Each structure stands twice: as structure tokens, then as C-alpha cells.
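The structure under discussion appears below in the form of C-alpha cells.
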There are 2 protein chains.
Amino acid sequence: MDSSQFRAAAKEAIDEIATYYETLPSRPVLSTVTPGYLRPLLPESPPEEGEPWEKIQADISRVIMPGLTHWNSPKFMAFFPCNSSFPAMLGEMYSGAFNAAAFNWICSPAITELETVMMDWVAQLLALPKEFLSHGEGGGIIQGTASEVTVTALVAARERIIRRKLIDMPEGEEKIDTAADIRGKLVALGSEHAHSSTQKAALVAGTRYRSVPAPKETNYAVTASALRQTIQECRARGHEPFYFTITLGSTGTCAIDDLNGIAALAATEPNLWIHVDAAYAGSALLLPEYQHLCPPLAAFDSFNFNLHKWLLVNFDCSAFFVKRRKDLIDTYSITPSYLRNPHSEAGLVTDYRDWQIPLGRRFRSLKVWFVLRSFGAQGLRTFVRRTVALGVFFADLIKRRPDVFGLVTEPAFGLVTFQIRNLGPLGAGARANRVVPVRDALTNGFEPDADAQYAELVNQKTREVYEAVNAKGEFFLTSTVVGGQYVIRVVSATLLSEEKYMERLFDVLVKEAGGDVEQNGETC
Amino acid sequence: MDSSQFRAAAKEAIDEIATYYETLPSRPVLSTVTPGYLRPLLPESPPEEGEPWEKIQADISRVIMPGLTHWNSPKFMAFFPCNSSFPAMLGEMYSGAFNAAAFNWICSPAITELETVMMDWVAQLLALPKEFLSHGEGGGIIQGTASEVTVTALVAARERIIRRKLIDMPEGEEKIDTAADIRGKLVALGSEHAHSSTQKAALVAGTRYRSVPAPKETNYAVTASALRQTIQECRARGHEPFYFTITLGSTGTCAIDDLNGIAALAATEPNLWIHVDAAYAGSALLLPEYQHLCPPLAAFDSFNFNLHKWLLVNFDCSAFFVKRRKDLIDTYSITPSYLRNPHSEAGLVTDYRDWQIPLGRRFRSLKVWFVLRSFGAQGLRTFVRRTVALGVFFADLIKRRPDVFGLVTEPAFGLVTFQIRNLGPLGAGARANRVVPVRDALTNGFEPDADAQYAELVNQKTREVYEAVNAKGEFFLTSTVVGGQYVIRVVSATLLSEEKYMERLFDVLVKEAGGDVEQNGETC
């Protein structure tokens, strides 16, 4: 393919992509292919001779399109959003063209320097404490995903506590042995509702892991006293807590751990690296109405959120801020001779490879720059605020039909969790006909056996409705289990999200639950 | 930016990108900006109001272009190549549009299924042993970089040996304690010339690391006996070797460890996970003349090479093959409730998140598909073969001027390493005027003191010439140190690479070394 063929092919691709976005609302969001659909559509082996682009391009609609789940569809309400936007796509286009494995500053100075400035812009936008900006001892770096960031922070935390404990010991075999002994006693902590990536990070780092209780009574958030108690229990067993993921917006319910209380605790635990996982909800910090959450963050070692979730930068783009970049560099810097260069040796430049686990890096700051400029801070605030409001709107719909639904948590950051309480024929033998919201049924002191049986039936019905909605493919939702309750999660935060799609989903849910759609009134 | 603005902006971007590629040969390859150049070109904070695309786009040439190092330039001869190509760019365009955090099959079935089929295509193309294809117990997965792959393999290796040792122990605290004790004794191994990512991976995994000697006498390759001896030494200290990176194409000189000998050793060390790092040179396995290297690979646990280096797929795209995918899944599978879905539970689908450390994943197989089809197997073979020949061509130029250069290793996979032996005024007080190639001077039994002094002067001169060439910015080279020798590395394997650029570099080197360019003859 020469450059004139590329010009033609790429412009046609642009038209196809634009049309794809224009037609997103009318497509079923969830692919309905069956496992293994794709292999029979392709030859067993790569072609010997090159093929013309027309032939390849035609296969995008034949082979790929049926197997896509459309994350940018306004009917995508599963997991957390993963938004793209046109300026972000332009960023990826240039990034793919200015292709580089930019591990060092000299590999492409623009790639490093734009990243540093963009992370400072983002930190300002979110009103992060100044400690996380690059001007002092801190700074930001773009990583692929929040799960990679968690590993990066946790391993750096593990090595930091070992460095501190062995600071006076000379290098050598004895130090390596002692470090191995310490490593074997270390325990990483996270809320029982923390994303599974913390547990996985502890596994990668080879440390112990223990979860901190975060029950319904604290709205599924970790309190300072729960954390303190877990720390004490670990120490009583001879283990040393060295890392804690504090969650700002849990995956299940968008719960926020007690930031202020744990910030106070942090002052008494200097060897405990506290990492803020705000993967989804972090984006909301650009709204003044959420910025009361920011001051306590100054007490923590690192902060992470994904611009690829809610901030219109396409996947992947996870912003990782640290208060002391030295904590990363002291762990991750290994410089073999083929990576030496005068700029790095003079200490004048940032070599981001020394802040992370992989060597190479993509030019991801370009799409951040394009998105921040194209939408402007105001445009982003308007978007995020609008989608937070959609959660409130949907929760209000849910509350309108206590005969069918029970809200499990109040809407938070656009996320609504609820159960189906209209048990219908399923619950005939149990408490199905009682007209009480599920959460009342689950908490208001019925006889234990009957309650447990009822809760189980509600869980079962919720699961059935959830699976029935997804099986249709029009909407894509996810479910989770919190405090023993099987709940449906709905979060609608794509660029195309609108009230009318929430209303339509509401009608679909009522219908699948066997409720009377007429009673919904004028939603659809 | 609405979709019609996107159509216009993106088409202009396509023209700009095509023009960029057309003009690559005439641009200085290496950016000459000074550290900190970019920040003053941008405002301190993101704009409040959104900006029009015209304004943003104009800043690409003002702010970004001066700070780019052009990895796709034919004058880029540093590190290893990082190639892009037009079909790969089209792949990234669609991937950015079909944006998804595709951790599960259901997140977008096409993303998982195309990846499985493409990895099978790639394995066939490289004549990898059938154990690495997905039909049996193995299979391939795309990761970002070879360094991430090394961590992924090494941690899986660590957990595999622990699982095997503790297979009869019931779950519980005692098992966790015993596992921690074992972990503290584990040692990962790699050639002294293995990429630094193995040492870094051991650091991440919290295990010991020990390098295996690979001296000049074995052409910087690890032999089976060297590996066996290191294993025995580790055991004598009470440590347990559990992982070895076998290098197929070392970073410094493209050395190949003894594949056949170590394959035989592997049969006697079932708990030693042997991971093949063929990050760069792996691409050459698509040429029949290199496929004699493939049969012994069947003895190893995993194999990795980067399509983003030599195979025209832009960064990032690292293919990771395992013989038993269970080895990965047994380590990395953690399934919280919000990731459960009927397809995964039925075991019908691949959830690649369980093969890797991060959760989310990009749609990278699309660009692999486009590149393999657009070039065809033949087109890729022609390209790789042509760049291997460029290494031979350049080494022949070097050999033509023994008064100026000394080859350090024979050309391998297009990589040439050499020193400057024309010491000029620098060497006046030493052995500078002896007309012998450097490697003779370094090996042929001169008096030790004078030899060491001479070698040091050669190293110094080589470094000076290397830095002088890079400072000009026309070419970008890297250097390394092997066996105490400071050498310049030249590898020219971009899509635009041609003999005329090798000739031009040769003239520049002769001139910088103070040699008489006239004697080069008709190179330029």
C-alpha cells in the first residue's frame, strides 16, 4: 500500500467510522454471535500474496461488525463506560503515525514532555493536591489500565518498605536474604469491595493479601477504624501491612472509603503506601460539587483514574499520579548500557520507563491534549454533570415502581443498583406477594428463615431479569453481588446518553420483570 | 466536534500523515530540541472553553513535530526498529473507533476471537512448534511489550512451581506461610546479555535474580553447560531456579543462546519455566533460512516476539505464546461477581484477562490482520530478507576500511556492531598507529597493560564518534558495551531502509572518525 492508496483507503475508513458513530443509537448494543463464530469466516492461514485493501475492508462488516459490543452506544450501561470521542480518535491517528517505542526522553522528546504537561493539566482540572503535580517531587504518568497502575504502586510500596527497613545494611547476600524474609511477611490491604485488581496485584508481587470489611452499615465503604483494626490483626499475626488501596468509587456501588478518617490514620503509618483507586469516579472531581473530596488526597501516596472511562479519551489512558516520583524511580530504574544517553545521564529529562514496569510506551498524551482542548474544561464538566444527573433520573424512575424494583444504593456518579422485587409466579410459595420494597424486606426484621428464602428468591428473579435483558441485545447491563444481594448495575455515561434511553430501558425492565408497563406512565 | 467536522478534520489529518511519510527521508531523524522545550509552548492550564480543531491541528507542527524522533525514517538505525505501515495505521484507526475495554469475551467477541485466530496465523508464519497454537493446550495472546510479557511469564512460573510443590497441602494459613518461604528462595535466571527486562521482572515478582555467563568465546550466547552450572551453583546456596529467559537475538549483538543444548536440559528440569525472548529476531523465523531454529522451541514453555519491531505492525503489539495456557490461567484468573457472565462460566470462550496482568485490553489483532493480508506472507518475507541483507551490506562496507573500523560481531538479523580503531591524535601516545583491526588488538596477546590502555582508547574514540554522529541528528544510532568493548550498533530495518542510506552513514562515520572519505570509493 503506497501513500496515495493510503490516502484513499484511510479517507474511506474515516467515512465508515463517522457513519458508524452516527448509526450507533440504532444498533443493538450487545453482540449476539455465539462462541467460535469468527474462525470459520477466515482462512486457516495467512495469505501468501498480499491482498488489495478493498477486499480487506469489505471483511470489516462481514467478520468484525457482527462480533462487536458497542461501548459507545447510548444503550451501553454495563461495567463502567469506556468512551471514545472524535478528538481522541484524531489523537490515536497521529499517535499511530508518529509511531515510537518511547521509553527514553531521547526516543522522542515530544512524547515525554507533552505527557508531563498534560498530567499537570489533568491534575489541575481535578483539583488534585499540588503534591501530585510535576513541579515539586511528584508528577503524573499515563499507563494502560488501572490494574497495571495498582501493580506498579504495590510493587513500589513493597520495595520502599524494604529499602527503609534495610537502609543501614550493606549490599550483599545477607541483605538479599533479609529482604526475602521481610517480603514473605508483607500484607497488602484493600476494601472487600475494592476492585479485584488489588488482590491480583498482591499475587503478582508475591505478597499476602487481606481484605478490609466494608459492610452495608457503612454503605460498603472502609472506615478508618475498620482499616486500623485490620492493620492490628495483621500485626498480631506477625505480618506487616505495607499497602492499602483506598477506593474512591467502588466497582459494585461507587462507594467511597472514608477519605478524611484514613488521611488522619495515614500520618501514623508512614510505611503504609496508600493508593487511591478512583478509576471511574475520579473524573467527577472536575466538578466543583465533588471537589470537597480532594484535600484529604494529599495524605496519600498515589492517585489513579482512567481518562478512558468517563473523560472521553479512548482506551487506553489511565492517569497515575505520585507524590514522590522517587518512590517509583528507586524501584524501577535499571539502566543497561544500550539505554544510556547523555540527556538521561545529566538528569535533565524524565525517562518514564523508570516510573513503570514495561519499557516501551505509546504516545497517549496526544489524545489527552486534543480532548482537553476540543471540549475545554467547561465542555467536560457539562458532560460529566449531565451523566451524573442521568443516574438520578433513572433512580427516580426505579423509585416510581416499588411494586417492581427495590433500589439497593442511592445513585452515585451516575451508577444505580437495584433488585427486582416483583417475584411473580416464581415467588408464589414464598413472600412474593408482600408489597414491600426489597430492601425493607431484607433489613426490617422478618423471621430469619423466611427472610433468607425471600432474599434468595429476589436474587434469583433479579438474575433472571438481568440475563433476559442482556440476551435481547438491545441494552447491555452488568450485575454484581453486594452484601449478599444480587443486584443489577446501570450506568449510562456515554457521549450519546440521554434520558430517553433510560426511559426505554426502564420499560424493558418492567416488562421483563412481568410488571405492567402501562403504569410507567409517559416514559416511552 | 460533530461527525461532519470529524470527517473533514480526519481527512486533513490523513493527508498530513501521508505527507509526513512521503517526506521522512529528508527529515533529520533525531530531534534536536533541548530538555524542557515544550512546556513554554503551551498554556499553564487547560482551556476553559473548547477550541476549534484548526487551532489544535496547527499546534501539531508548532509543538510536536520539532520534538519527534522519526522511528520510521530510513536513517533511524538505533535500538531495534519500531516500524509502522499504512495497513497497521488503518488497523489503529478502526481499533480507536471500535473502542472497548475488552477484558471478557462478551465485552466484544470479535476482539477476542480475531486475536486467537491471528496468533495462530502468526505462529504458522513463524513455523512455531504446533504446541503454541490454540488448537491443543497452548495459544497466543497479544501484549503491549516484551517486558510486560517477561513479567507475566516469570510470575506464572513462580506460582507454578509453588503450586506443584504444595499440591498436597490443604488451603489455609500454613500453606500461605510455606508458599512465602518457598518464594523467598526462588531465583530467576537470564543471560548476562539478556534484556534488562528479565532482571526487572524478577524485581517485580520479588524473586532473586542471577545472570548466566555468556562470554565472547561463545559469541555472547548462553550454553547448556553454563546454564547447568549456574543452576547447580544456585542449588548449592539453597536457592531454587524456577525461570530462565533464553535469548533469541540479544539486544547488544543479536546473540542466540544454545537452543538445542538447552532444549535437552529442559527435559531434566521440569520446574524451570523457560521463556524464549525473541523480541526482535523472532520475526526472522518467517524466513525458511532461519527455521532450523524452530524445532527446539517445542521444549520451552513460552515464546515472545514483537510484531511492532520488525513486522510492520505499529507499537504496541507483542505476541506471547504459551504451550499450556493453563499455566497462565491457574495464576491470573480471579473472577469477582461483576465479571461473571454465562459465556465465561460455560467455559466456551477465552477470557484473555485470565492470561495476563492487566484487566482491560485494546483491539490490537485488527492491525495484525490488516498487515498480514496487505503484505501477504511473501511481502513480509521479502521485507525481512531485504533488511537482513542490509546488515551484511553495511558490515562489508565496515570491513573495507580496517584502517578506521573493527567489526565486533558478524552481522546478525541486520545488526552490525563495530568500533572505531582510527585513534587519530587521541591515540598518539598509545598504539594508535598500528594498522590492525581492533578485535585483533584486543585478543591477540599484546602486553596486558598496553592492551588495556589501547582498548580504553578505542572505547573512548568509539564513544566520541558515536556521540558526534547522533549530535548532528541526521542519523540515530545506539551504542552498547559487550565484553568490555564500547561498540556502535547499527540496525537498519525500516520499510524505507535502502543501501544508499547505509552508504551515506558509512561516509559520515568515516568522516567523524577522521578517516579519508575519498578512500571509500563510490559509496556516495
Side-chain angles (χ1 to χ4, degrees), chain A residues 1 3 6-7 10-11 14 17-18 22 31 33 35 38 45-51 56 64 67 69 71 82 84 86 89 92 96-97 99-101 108-110 113 121 124 145 147-148 155 180 183-184 196 204 206 314 334 336-338 348-349 358-360 372-373 375-377 379 480-481, chain B residues 1 3 6-7 10-11 14 17-18 31 33 35 38 45-51 56 64 67 69 71 82 84 86 89 92 96-97 99-101 108-110 113 121 124 145 147-148 155 180 183-184 196 204 206 314-315 334 336-338 348-349 358-360 372-373 375-377 379 480-481:
Chain A
M1 184 182 289
S3 71
F6 171 70
R7 284 176 204 260
K11 287 174 187 178
I14 293 300
I17 288 167
E22 285 158 1
S31 170
V33 298
L38 186 140
S45 312
E48 269 301 304
E49 310 262 356
E51 296 179 276
I56 301 169
I64 303 302
T69 293
W71 286 60
C82 181
S84 189
F86 292 129
M89 283 184 248
E92 282 286 17
N99 191 52
S108 231
E113 297 204 7
W121 279 23
Q124 291 173 60
T145 58
S147 40
E148 287 160 282
V155 169
R183 229 174 257 122
S196 57
V204 170
N314 49 13
I334 295 179
S337 56
Y338 48 82
L348 293 173
V349 298
L359 179 63
L372 296 187
R373 292 183 67 179
F375 287 90
T480 192
V481 178
Chain B
M1 184 182 289
S3 71
F6 171 69
R7 283 176 204 260
K11 287 175 187 177
I14 292 300
I17 288 166
S31 171
V33 297
L38 187 139
S45 312
E48 269 301 305
E49 311 261 356
E51 297 177 276
I56 301 169
I64 303 302
T69 292
W71 286 60
C82 181
S84 189
F86 292 130
M89 283 184 247
E92 282 287 16
N99 190 52
S108 231
E113 298 205 6
W121 279 22
Q124 291 174 60
T145 58
S147 40
E148 287 159 282
V155 168
R183 229 175 256 122
S196 57
V204 169
N314 50 13
F315 190 80
I334 294 179
S337 55
Y338 47 82
L348 294 172
V349 298
L359 179 63
L372 295 187
R373 292 183 67 180
F375 287 90
T480 193
V481 178

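Since the structure is predicted, the reported quantities are computational estimates derived from the model, not experimental observations.
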* Quick one: what part of A:Glu51 sits under 4.5 Å from any heavy atom of chain B, side chain, backbone, both or neither? -> both
* To do: Of all the heavy-atom pairs spanning B:Trp121 and A:Pro47, show the shortest one and how long it is.
  => CZ3-CD, 3.9 Å
* Structure fact -> Turns out that what part of B:Gln124 lies under 4.5 Å from chain A's heavy atoms comes down to side chain
* Tell me, out of A:Ile64, A:Asn99, A:Val204, A:Asn314, who's got the most heavy-atom pairs with chain B below 4.5 Å. => A:Asn99
* Heavy atoms only, distances under 4.5 angstrom: which of A:Ala10, A:Gly67, A:Ala100, A:Pro46 has the most pairs with chain B? Name it, please. => A:Pro46
* With only heavy atoms counted, which part of B:Arg183 is less than 4.5 Å from chain A, the side chain, the backbone, both or neither? -> side chain
* Side chain, backbone, both or neither: which part of B:Phe315 has a non-hydrogen atom closer than 4.5 Å to chain A? -> both
* To do: Name the option with the most non-hydrogen atom pairs under 4.5 Å to chain A; the candidates are B:Thr145, B:Ile14, B:Leu372, B:Leu359.
  => B:Ile14
* **With A:Glu92 via salt bridge (charged side-chain N to carboxylate O under 4.0 Å, His left out) - residues at least two apart** => A:Arg362, A:Lys367
* Locate the shortest heavy-atom distance separating B:Thr69 from B:Ser31; write the atom from each residue and the value. => OG1-N, 3.6 Å
* Asked: With respect to chain B, which residue among A:Ala110, A:Gly360, A:Ser147 yields the maximal number of heavy-atom pairs within a distance under 4.5 Å?
  -> A:Ala110
* Toward chain A, the part of B:Ser45 with a non-hydrogen atom under 4.5 Å -> both
* To do: Could you grab the distance from atom CZ of A:Phe375 to atom CD of B:Glu49, nearest 0.5 Å is fine?
  => 14.5 Å
* Structure fact -> If you tally heavy-atom pairs under 4.5 Å between each of B:Ser108, B:Gly379, B:Ser196 and chain A, the highest tally belongs to B:Ser108
* To do: Please report the shortest heavy-atom distance between A:Gly96 and B:Ser84, naming the atom on each side.
  => O-OG, 3.4 Å
* Structure fact -> Among A:Gly184, A:Pro358, A:Ala180, the residue with the most heavy-atom pairs under 4.5 Å to chain B is A:Pro358
* Structure fact -> Residues A:Phe6 and B:Ala18: closest non-hydrogen pair is CD2-CB, 4.2 Å
* chain B: which of A:Glu22, A:Arg7, A:Met1 shares the most heavy-atom pairs with it under 4.5 Å? -> A:Arg7
* Asked: Between A:Ile334, A:Val155, A:Ile56, which has the largest tally of heavy atom pairs under 4.5 Å with chain B?
  -> A:Ile56
